[in-house]
**Q** 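My questions will all concern the structure given below.
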4 protein chains.
Amino acid sequence: MKYSFKNDYSELCHPALLEALLKASTEQNTGYGLDKHTENAKYLIKDKLESDNCDIHFVTGGTQANASVISHILRPYEAVLACSSGHINVYETGAIEATGHKVYTAAGIDGKLTTADIEAALAYHQDEHMVKIGMVYISQSTEIGTVYSFAELKALYELCKEKQLYLYIDGARLSSGLAASDVEFNQLKELCDVMYIGGTKIGMLSGEAIVIFNDQLKSYFRYHIKNKGAMLAKGYVLGIQFEAAFNDNLYFEMGQHENELAHFLSNELKELGIPLLSESPTNQIFPIFTKEQVEKLQKDYAFEIWEPVDDKIAIRFVTSWATTKEVCEELIEDIKVVIS
Amino acid sequence: MKYSFKNDYSELCHPALLEALLKASTEQNTGYGLDKHTENAKYLIKDKLESDNCDIHFVTGGTQANASVISHILRPYEAVLACSSGHINVYETGAIEATGHKVYTAAGIDGKLTTADIEAALAYHQDEHMVKIGMVYISQSTEIGTVYSFAELKALYELCKEKQLYLYIDGARLSSGLAASDVEFNQLKELCDVMYIGGTKIGMLSGEAIVIFNDQLKSYFRYHIKNKGAMLAKGYVLGIQFEAAFNDNLYFEMGQHENELAHFLSNELKELGIPLLSESPTNQIFPIFTKEQVEKLQKDYAFEIWEPVDDKIAIRFVTSWATTKEVCEELIEDIKVVIS
Amino acid sequence: MKYSFKNDYSELCHPALLEALLKASTEQNTGYGLDKHTENAKYLIKDKLESDNCDIHFVTGGTQANASVISHILRPYEAVLACSSGHINVYETGAIEATGHKVYTAAGIDGKLTTADIEAALAYHQDEHMVKIGMVYISQSTEIGTVYSFAELKALYELCKEKQLYLYIDGARLSSGLAASDVEFNQLKELCDVMYIGGTKIGMLSGEAIVIFNDQLKSYFRYHIKNKGAMLAKGYVLGIQFEAAFNDNLYFEMGQHENELAHFLSNELKELGIPLLSESPTNQIFPIFTKEQVEKLQKDYAFEIWEPVDDKIAIRFVTSWATTKEVCEELIEDIKVVIS
Amino acid sequence: MKYSFKNDYSELCHPALLEALLKASTEQNTGYGLDKHTENAKYLIKDKLESDNCDIHFVTGGTQANASVISHILRPYEAVLACSSGHINVYETGAIEATGHKVYTAAGIDGKLTTADIEAALAYHQDEHMVKIGMVYISQSTEIGTVYSFAELKALYELCKEKQLYLYIDGARLSSGLAASDVEFNQLKELCDVMYIGGTKIGMLSGEAIVIFNDQLKSYFRYHIKNKGAMLAKGYVLGIQFEAAFNDNLYFEMGQHENELAHFLSNELKELGIPLLSESPTNQIFPIFTKEQVEKLQKDYAFEIWEPVDDKIAIRFVTSWATTKEVCEELIEDIKVVIS
């Protein structure tokens with residue numbers, strides 16, 4: 001097989017991060033995220049956020065981050081509102097419900113929640129016989145590759161504050177999402193109560209940085225992540241990686257890189273007359289091929305079968321921080337052969 | 001500071017494992033533990049267990065392993081029996097109770113559960129107004145550094161089978177525990193229903209291998225670890241490390257190494273007339289010093305203050321895979337000065 | 001106010017049940033449902049079910065019954081499939097999720113799940129990244145007053161058995177549901193794995209009888225209801241009521257009575273030219289009035305405002321075991337005045 | 001059999017309460033505790049508490065009350081401190097843990113927690129690797145029949161406030177506990193944050209009144225009891241009973257009555273030279289007989305076998321609101337025969 005476009009976590013780790021780990025391999029460090037690398041990683045992230053007033057915690061995976069944050073925010077009778085395509089609703093095997101909370105869903109538009117969805121959810125839940133909506137969960141970029149604009153995030157957060165709902169952003173693909181939207185990293189502190197900065201899907205071995213902006217949600221969060229099995233003994237493994245990724249602009253450049261290659265692919269595909277399921281500005285694109293073409297492509301490339309479109313099939317190509325221009329060009333050449 | 005004897009997870013990763021990671025850094029691998037390294041790691045572990053008939057799953061931490069296994073085994077009204085000093089009872093911030101289950105405790109002897117403890121727990125819980133004891137949790141080595149002998153494990157497991165209880169071994173420090181006991185690694189398959197082979201405390205970045213021997217407990221465990229947030233996207237990070245650790249005898253040698261240095265220290269301390277709180281055969285030792293001596297030692301060394309003993313203080317030294325003979329010798333020399 | 005048609009639990013208790021309670025008020029009885037009345041109630045229910053081979057447990061409310069049964073059946077990573085209008089999805093304030101399980105919903109038709117809904121749910125959930133559908137929840141009669149036919153129940157249960165799903169029937173309004181459908185009480189043992197026979201909504205102070213037909217689900221259920229806070233100390237309060245309701249045909253007659261009055265009302269309304277939102281065969285009917293008519297009716301009667309229908313309003317009348325023909329006739333007379 | 005002294009919930013319901021239910025049996029009442037009887041019951045209880053500033057909620061059982069209150073108060077990583085003999089620790093089949101929380105226990109003295117127990121529990125739990133003690137649970141009277149004095153309760157609550165712990169009193173046997181202690185009902189508002197007034201064990205069909213004094217714990221509690229399956233559709237069944245019990249002094253007189261008979265029995269037993277296991281001031285007493293005597297008594301009386309005392313056996317007699325002086329006198333006469 002020539003290359004897998006299946007996802008953005010097929011490659012171990014960005015070389016710069018691996019080098020940072022190597023460099024620290026002869027040190028002794030304090031456990032449980034109380035080491036100097038973690039401290040410095042927090043400093044660097046806060047610096048780029050231009051915010052002193054936030055708490056940062058590192059965990060190893062997105063489901064851990066989501067379950068820890070959501071069960072930290074909600075009371076037992078409260079639910080989280082999410083898009084029906086939201087990761088917590090579909091792809092976490094009931095991890096949120098396992099903490100006792102309903103995921104109440106709205107259809108959304110293009111994988112994104114709207115203020116109308118929030119209004120409708122609140123209107124529907126009126127008394128103690130139904131769950132109380134306590135928070136809103138969104139993803140940037142979304143599970144289908146779309147992004148919220150600054151104006152959209154601002155409108156959502158203003159409504160949330162008005163309605164006393166907490167807003168939480170799942171940033172599993174935040175790097176790609178930022179590179180594709182008009183939202184700046186340092187604006188996020190005014191656009192949500194909590195978010196996590198995804199590392200696993202953008203060149204780390206594993207690691208997500210939960211950032212708590214809202215003072216009311218800060219207390220005892222270390223207790224909570226330990227309670228959820230999300231506190232790593234060697235927390236510095238995460239700290240070292242985030243330190244290296246935020247020391248310069250590497251974290252942001254990786255997302256730009258993967259978006260650029262995805263744009264290259266979608267432009268080339270359009271040139272070839274291959275239709276796309278949607279206009280995704282991020283690192284996931286969804287070209288539509290015939291069954292025969294898909295089968296031919298599968299001989300050399302791995303990718304997800306997305307969904308049938310009439311008598312054809314939409315597939316998904318994901319570019320990663322490690323994907324090269326060369327491999328994309330080769331893919332286009334091979335597609336030319338396949339469709340000819 | 002010269003050296004920290006505070007715990008066995010102060011150093012990043014054994015060089016051989018780091019090298020294995022480096023070597024794989026240019027590969028693409030399938031996600032979620034379905035890659036070739038994980039496959040091979042399982043093969044190597046099974047080979048050393050001399051068992052084809054077990055399921056192996058890798059997770060990143062001990063609390064995750066414990067919460068996933070225990071809530072997989074128990075029904076909602078069931079409890080796990082543990083020693084009151086057991087990790088799940090003291091140091092997991094209620095992670096087991098967070099999955100809905102009581103940790104019922106017995107005092108034990110030297111940090112170890114006895115068959116009498118199990119008999120007493122069963123005799124006490126008689127009807128549906130009390131929890132039903134569904135399983136037994138033990139640690140090898142224990143939280144205070146002691147080990148179960150083969151005869152002790154055999155007696156516990158036979159009683160468990162007779163009483164229809166599942167037996168689970170927390171092997172956070174299994175390498176050290178095996179090196180200090182008469183239990184062979186390949187005997188474990190006949191001594192429990194499930195165990196985990198600890199990696200984090202013996203030279204891995206992070207990683208624990210849950211091994212399910214009992215057929216009745218195997219189904220759908222991958223669903224369960226995903227549900228508990230314990231399934232890593234880049235599962236191969238764990239697979240690569242276990243592959244390297246079990247390719248030869250490295251996993252076992254690291255435990256032998258740390259035990260040897262701990263024995264060296266305890267022997268030297270005895271020579272110097274320093275009393276020890278207990279006879280620990282593993283990598284944790286508990287010498288007793290005066291308050292002044294402790295303060296002097298703290299200038300150059302980090303360690304845990306364990307507990308007061310009359311007007312003196314027991315402290316804890318932990319040796320790790322990375323601790324050297326030299327640093328231990330230097331410690332002894334420094335102790336000589338301190339006590340003179 | 002003349003009368004409330006708001007629901008079927010506005011009146012305390014059927015006189016025959018109250019008399020049975022009075023009669024037992026000088027007895028001493030064993031606690032926790034181990035008394036002779038409970039024993040006899042079970043015998044009478046089994047006799048009417050023509051089944052010796054089922055376990056019966058009495059609890060005080062429907063949410064307790066649902067939460068106890070569902071969390072007894074499911075493993076932590078499993079979900080229950082329900083109609084989106086299902087009581088567990090809408091009106092239990094997240095009680096099922098509080099036991100750790102997702103309620104996965106399908107739109108259904110007329111408040112009823114179809115075999116196609118089950119097939120689609122199974123097709124959608126393919127691997128360990130999504131919950132596993134472990135059981136199906138339906139209500140007879142449904143939350144909007146419709147009923148499953150014998151053929152429908154049979155098809156659902158056959159599919160469930162084929163797909164290894166458990167089928168559970170919420171019988172909060174089973175008496176009314178049976179009276180309105182072609183399903184006989186003694187056929188239910190072959191149409192589901194577990195059900196509950198609702199008492200609260202059909203003339204008891206409170207009380208629901210959970211009936212477990214499937215042998216695999218019987219063990220330790222008393223532990224489970226105690227664990228869920230659903231075991232009553234004075235269990236005989238429930239036993240006495242079910243004993244009286246099943247001693248003759250009272251349980252079934254109450255449902256027939258309320259259905260008959262509802263039919264009387266809907267027939268009369270049709271005669272008067274008042275449209276009905278749906279053809280409900282049970283004790284809930286949904287006539288459509290103008291806003292002014294509704295306001296006039298509210299002076300003398302209580303009822304639920306259901307939903308707007310164009311510029312009119314559908315309201316809900318519920319008849320109960322205690323509703324009389326006279327009060328229904330009076331209502332019709334008053335409606336004649338209101339619409340004239 | 002002549003009489004059962006097994007517990008205080010063997011008899012259905014005090015005649016005055018049954019009469020109140022009968023009287024209301026022709027009424028229509030609003031569901032879910034929003035009826036006029038419940039309203040009046042709350043008014044009467046507040047009047048006797050001399051407190052306008054508390055919230056009252058009625059549920060059907062003690063385990064429901066405990067699970068609802070405790071999971072309402074605690075955050076996910078928090079534990080409740082209880083005496084090891086506490087009902088929540090022993091006799092609720094893990095119902096508290098089922099809501100996700102550890103019950104951390106102290107030995108206590110005579111079934112009662114001391115301020116030293118609280119201090120020790122706080123000293124032991126120091127950081128995020130252990131649960132955080134969030135509240136204290138005590139019972140009045142305790143599970144072994146003892147009572148807290150006013151001074152003891154005051155000291156406990158002052159310490160709790162100082163340490164930011166909530167104090168919760170389980171009043172399953174509050175009526176008996178008040179009658180036996182120097183604590184007045186109207187003082188309770190200054191002695192705890194939440195309590196429940198037990199009804200089931202003092203002459204109600206079922207019913208417990210949760211009283212929330214602390215403003216911080218009041219919000220959304222109706223959502224929470226619905227979420228825990230503890231909200232009764234016919235809430236007025238509970239309201240009517242509490243209304244009748246608090247309309248005059250019936251609630252308190254029932255406890256006095258049962259205590260008086262227990263005192264009568266213990267005095268007579270002492271006269272006969274029968275030793276008692278402890279000096280219980282409430283409705284549970286623990287005489288010690290020989291095995292032969294116990295067997296003879298069992299022919300005519302039911303009671304719990306408590307524990308062996310040397311070669312003899314302590315048994316438990318419980319008096320209830322329904323026990324008569326005559327039956328107690330007859331018991332004493334029969335004991336005279338048995339021991340002669």
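Residue numbers begin at 1 in each chain, while the letters A, B, ... track the order of the sequences. It should be emphasised that the depicted structure is a prediction, and the values quoted were computed from it without experimental measurement. No hydrogens, no waters, no symmetry mates; every other heavy atom, side chains included, goes into these values.
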**Q** Which of the residues A/S320, A/S71, A/S4 is involved in the greatest number of heavy-atom pairs with chain B at under 4.5 angstrom?
**A** A/S4
**Q** Are A/T323 and A/Y3 close enough that a side-chain donor and a side-chain acceptor fall under 3.5 Å?
**A** yes
**Q** Would you please classify the geometry between the B/H14 ring and the B/W321 ring as parallel, tilted or perpendicular, with 30° and 60° separating the classes?
**A**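 Judged by the thresholds at 30° and 60°, the geometry between B/W321 and B/H14 is tilted.
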**Q** For a quick test of reading the model, state the closest non-hydrogen atom pair linking A/G86 to A/Y137 and the distance between them.
**A** CA-CE2, 4.3 Å
**Q** Does a donor on one side chain sit under 3.5 Å from an acceptor on the other, for B/Y301 and B/D334?
**A**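 There is such a pair (donor and acceptor under 3.5 Å, judged by atom type) between the side chains of B/Y301 and B/D334.
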**Q** Need one label for A/K6: side chain, backbone, both or neither, based on atoms under 4.5 Å from any heavy atom in chain B.
**A** neither
**Q** Below 4.5 Å, heavy-atom pairs only: which of A/I96, A/L205, A/T63 has the largest tally toward chain B?
**A**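 Answer, by heavy-atom pair count under 4.5 Å with chain B: A/L205.
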**Q** Which answer fits A/Y91, side chain, backbone, both or neither, if we ask what part of it has an atom under 4.5 Å from a heavy atom of chain B?
**A**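 Contact with chain B is through the backbone of A/Y91 alone.
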**Q** Using heavy-atom distances under 4.5 Å, tell me whether A/A67 contacts chain B through its side chain, its backbone, both, or neither.
**A** neither
**Q** Hydrogens and angles aside, do A/E143 and A/S139 bring a side-chain donor and acceptor to less than 3.5 Å of each other?
**A**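 Yes, A/S139 and A/E143 have a side-chain donor paired with an acceptor closer than 3.5 Å.
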**Q** Taking side chain as everything from C-beta outward and backbone as N, CA, C, O, which of these in A/M231 sits under 4.5 Å from a heavy atom of chain B? Side chain, backbone, both or neither.
**A** neither
**Q** Quick check on A/Y223 against chain B: is it the side chain, the backbone, both or neither that has a heavy atom closer than 4.5 Å?
**A** both
**Q** Quick one: do the A/T38 and A/D35 side chains pair a donor with an acceptor below 3.5 Å?
**A** yes
**Q** Of all of A/G61, A/S25, A/A24, which one pairs up most often with chain B through heavy atoms under 4.5 Å apart?
**A**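 Going by pairs under 4.5 Å, I would pick A/S25.
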**Q** Under 4.0 Å between a Lys/Arg side-chain N and an Asp/Glu carboxylate O for B/K36 and B/E27?
**A**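 Counted as a salt bridge, because a side-chain N and a carboxylate O are separated by less than 4.0 Å.
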**Q** Which of the residues B/Q64, B/M204, B/H224 is involved in the greatest number of heavy-atom pairs with chain A at under 4.5 angstrom?
**A** B/Q64
**Q** Quick one: what part of B/Y236 sits under 4.5 Å from any heavy atom of chain A, side chain, backbone, both or neither?
**A**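 It is the side chain, since no backbone atom gets that close.
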**Q** Would B/H87 and B/E92 count as having a side-chain donor-acceptor pair, cut-off 3.5 Å?
**A** yes
**Q** Select, from A/T30, A/N7, A/T200, the one with the greatest count of heavy-atom pairs under 4.5 Å involving chain B.
**A**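 Heavy-atom pair counts peak at A/T200.
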